[in-house]
Amino acid sequence: MASYLSFWDYIVFGTILLISAMIGLYYRFTGGRQKTVQEYMLANGKMSSLPVAFSLMASFMSAITILGVSSENYMYGTQFVVINISYILGTPIVAYVYLPVFYRLKAISVYEYLEHRFGTATRLVASAAFSLQMILYMGIVLYAPSLALSAVTGLNKVGAILSVGLVCTFYSSLGGMKAVLITDVFQSLLMFAAVYCVIIKGSIDMGGIGQIWSIAEQGHRIEFFNFSLDPTVRHTVFTQIIGGMFVFLSLYAVNQAQVQRLLTVRDLRNSRMSLWWSLPILIFLSLSTSFAGLTIYAKYRNCDPILTKRICSADQLLPLFVVDSLENIPGLTGLFVAGLLSGSLSTVSSAINSLAAVTWEDYIQPLLKTKRPKPVTVSLINKVLAFGYGLACIGLAFVAENFTGVLQARLLIGFGGPKPPVMRLPGDISCPEGNTTITMTCNSSPPSPKPDSEYFYLFRLSYQWYTLIGFCITITLGCLLSLYYPQKSKVDESLLSPVLNRVLKSFNKQKLNAQSSSESACCSTNGDENEGKDTNDNPDDKDVNDQNHGENPLELDNDLVSSSNSTPIHRRDEETNRIIKT
């Protein structure tokens with residue numbers, strides 16, 4: 001394929017890579033020079049809220065999101081956009097239910113919590129599952145921008161993967177968490193720039209944003225209110241809000257990469273501020289990327305490039321638009337490629353850093369309990385681990401091409417199959433003569449359609465339900481096992497969410513009050529029955545009553561209460577005293 005990048009595009013593209021690498025070098029030789037694991041993994045807990053907010057967004061919105069969401073709106077419409085409601089609902093849950101627990105624990109590995117709560121075996125199993133998932137995910141994320149470079153510039157895919165992977169590995173392993181956070185801020189701005197290159201140029205060509213929206217409505221791309229209860233429907237209001245919220249919580253509340261970022265902030269209040277700042281940034285980029293997909297549709301509404309075989313995959317729509325629309329503007333294509341690349345760099349760098357942290361904290365450090373290496377040695381080990389994971393990421397990127405549809409790549413169910421093909425919205429092929437500048441030979445042909453009933457039901461479910469299904473299985477099995485193997489020791493309250501602690505304390509208080517009221521009513525009834533008997537059987541008790549009249553029941557004479565010759569009224573006073581103390 002011929003190259004579509006000009007000299008200035010290469011200058012912009014190379015400059016972005018160079019700046020990212022230089023940030024890593026800067027933090028390697030400044031400050032504490034990454035000589036302790038606290039600085040290397042948690043930036044000494046001295047970061048401010050805003051850089052962490054951008055980093056949270058950049059890790060969540062990778063190059064996969066930019067390519068996948070834009071093609072999603074082009075192919076299937078805007079129902080996906082409803083997922084932003086789940087971000088709004090999920091953020092306060094993360095900030096006030098989950099984050100205080102991890103901030104109180106202050107552990108580099110989030111899986112240390114599982115050891116305190118459920119034992120070492122649970123910690124190791126969860127840590128291994130995270131490591132496997134993250135290693136595979138890195139390969140996909142690195143492959144996505146390499147796909148864009150290959151489609152736009154004609155650059156060899158091997159060269160693209162190597163250039164992106166090596167730069168990311170370089171600054172992540174040298175500069176530690178500080179370098180990762182600051183490059184994330186820089187790369188976040190580039191991601192916005194890449195998306196708005198598409199929106200602004202498309203709006204100019206189409207006659208404005210309103211015209212793009214009108215064209216999308218005519219093409220039946222605008223949809224927000226699909227309330228179907230069928231779990232096999234790919235995107236509905238319920239899949240996006242309910243399923244999307246569990247996906248959000250799995251990434252923001254308990255994911256090692258995100259929690260590790262939140263722990264770099266100086267205190268819990270500012271850490272929560274990072275989450276709240278991240279919310280509008282995340283939603284803004286999500287909506288912008290979705291509108292970029294509509295912009296692409298407005299341009300190709302009469303000449304669908306997938307149906308005409310100009311491209312082989314919907315993930316190539318965005319690079320194709322850039323080639324067709326931005327080629328004649330010096331440097332702008334390079335800016336787009338750099339922005340798309342930034343989405344991958346930020347995600348892969350966070351994965352490399354978090355994998356190194358988990359490997360050291362969960363596997364290597366427990367083996368060295370008798371030996372305490374120096375802080376410099378620990379930092380060096382973590383750097384070597386980060387470098388190793390970076391190289392592994394590059395290797396796995398070469399096999400990521402086997403995954404179809406970068407937006408839906410998952411574990412377990414995602415690997416299963418066969419799956420029914422997703423029916424896209426119709427496209428037109430009334431192309432003007434000569435309206436093609438790229439021709440591609442696609443290796444695969446679409447599968448012949450079969451009734452959905454012929455597919456295994458589990459593989460027909462919407463991918464948005466996968467996380468919720470995993471959550472329900474885990475909770476159900478945990479409750480059943482707890483019935484057979486109850487915990488003998490009392491749970492440490494510091495390991496429980498403050499919200500749950502308040503609920504439990506309120507419940508215990510109500511239970512105690514109810515018990516006290518019941519005992520008081522019972523004793524009052526017994527006292528009334530004995531009152532007449534006491535008066536008749538022992539007239540001298542009147543003197544005792546007169547003597548104790550007006551006294552505080554808590555100040556009853558202890559000798560009187562404990563006397564072996566006590567009378568029924570003494571026993572009643574003793575009972576009253578016990579109830580009041582309770």
Rounded to the nearest 0.5 Å, how far apart are [atom1] of [X] and [atom2] of [Y]?
X: L67; Y: L340; atom1: CG; atom2: CG; answer: 5.0 Å
X: L136; Y: S131; atom1: CG; atom2: OG; answer: 11.0 Å
X: L285; Y: I281; atom1: CG; atom2: CD1; answer: 10.0 Å
X: I108; Y: E361; atom1: CD1; atom2: CD; answer: 4.0 Å
X: T289; Y: N73; atom1: OG1; atom2: CG; answer: 9.0 Å
X: R261; Y: D184; atom1: CZ; atom2: CG; answer: 5.0 Å

For L268, check side chain to side chain contact (heavy atoms under 4.5 Å, CB included) against everything at least two apart and list the hits. L99, P100, Y103, R272

Tell me, yes or no, whether the heavy-atom count around Y457 atom OH, taken from other residues, nucleotides or ligands under 6.0 Å, exceeds 12. yes

For K106, does the NZ atom sit with more than 12 other heavy atoms under 6.0 Å from it, leaving out its own atoms? yes

Against C479, only a single residue in L481, L477, I475, L483 fulfils side-chain contact (heavy atoms from CB on, under 4.5 Å); can you say which? I475

Does [X] reach the side chain of [Y], with side-chain heavy atoms less than 4.5 Å apart?
X: L262; Y: F102; result: no
X: I83; Y: Q464; result: yes
X: L56; Y: L282; result: no
X: Y363; Y: L124; result: yes
X: Q79; Y: E72; result: no
X: R117; Y: V491; result: yes
X: W360; Y: N382; result: yes
X: V358; Y: M134; result: no

For side-chain contact (heavy atoms from CB on, under 4.5 Å), just list the numbers for M245 and I93, CA-CA rounded to whole Å, side-chain angles, deciding distance to a tenth of an Å, and then say yes or no. CA-CA 10 Å; M245 186 175 69; I93 297 176; 4.1 Å; yes

Does one side chain, of [X] or [Y], offer a donor that lies under 3.5 Å from an acceptor on the other?
X: D230; Y: T232; answer: yes
X: Y137; Y: T347; answer: no
X: Y389; Y: S172; answer: no
X: S228; Y: N226; answer: no

From W465, F471, F238, Y466, residue fulfilling ring pair (Phe, Tyr, Trp, His ring centres under 6.0 Å) relative to F246: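 Result for ring pair (Phe, Tyr, Trp, His ring centres under 6.0 Å) with F246: F471.
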
Going by ring pair (Phe, Tyr, Trp, His ring centres under 6.0 Å), Y87 matches just one of Y252, F284, F60. Which one?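 For Y87, the ring pair (Phe, Tyr, Trp, His ring centres under 6.0 Å) test succeeds with only one of Y252, F284, F60, which is F60.
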
What do you reckon, are the aromatic ring centroids of Y463 and H235 less than 6.0 Å apart? yes

Does the pair E493 and R104 meet the rule for a salt bridge (charged side-chain N to carboxylate O under 4.0 Å, His left out), with working shown? CA-CA 11 Å; E493 290 187 0; R104 189 184 300 124; over 6 Å; no

Which of parallel (below 30°), tilted (30 to 60°) and perpendicular (above 60°) describes Y96 and W276? tilted

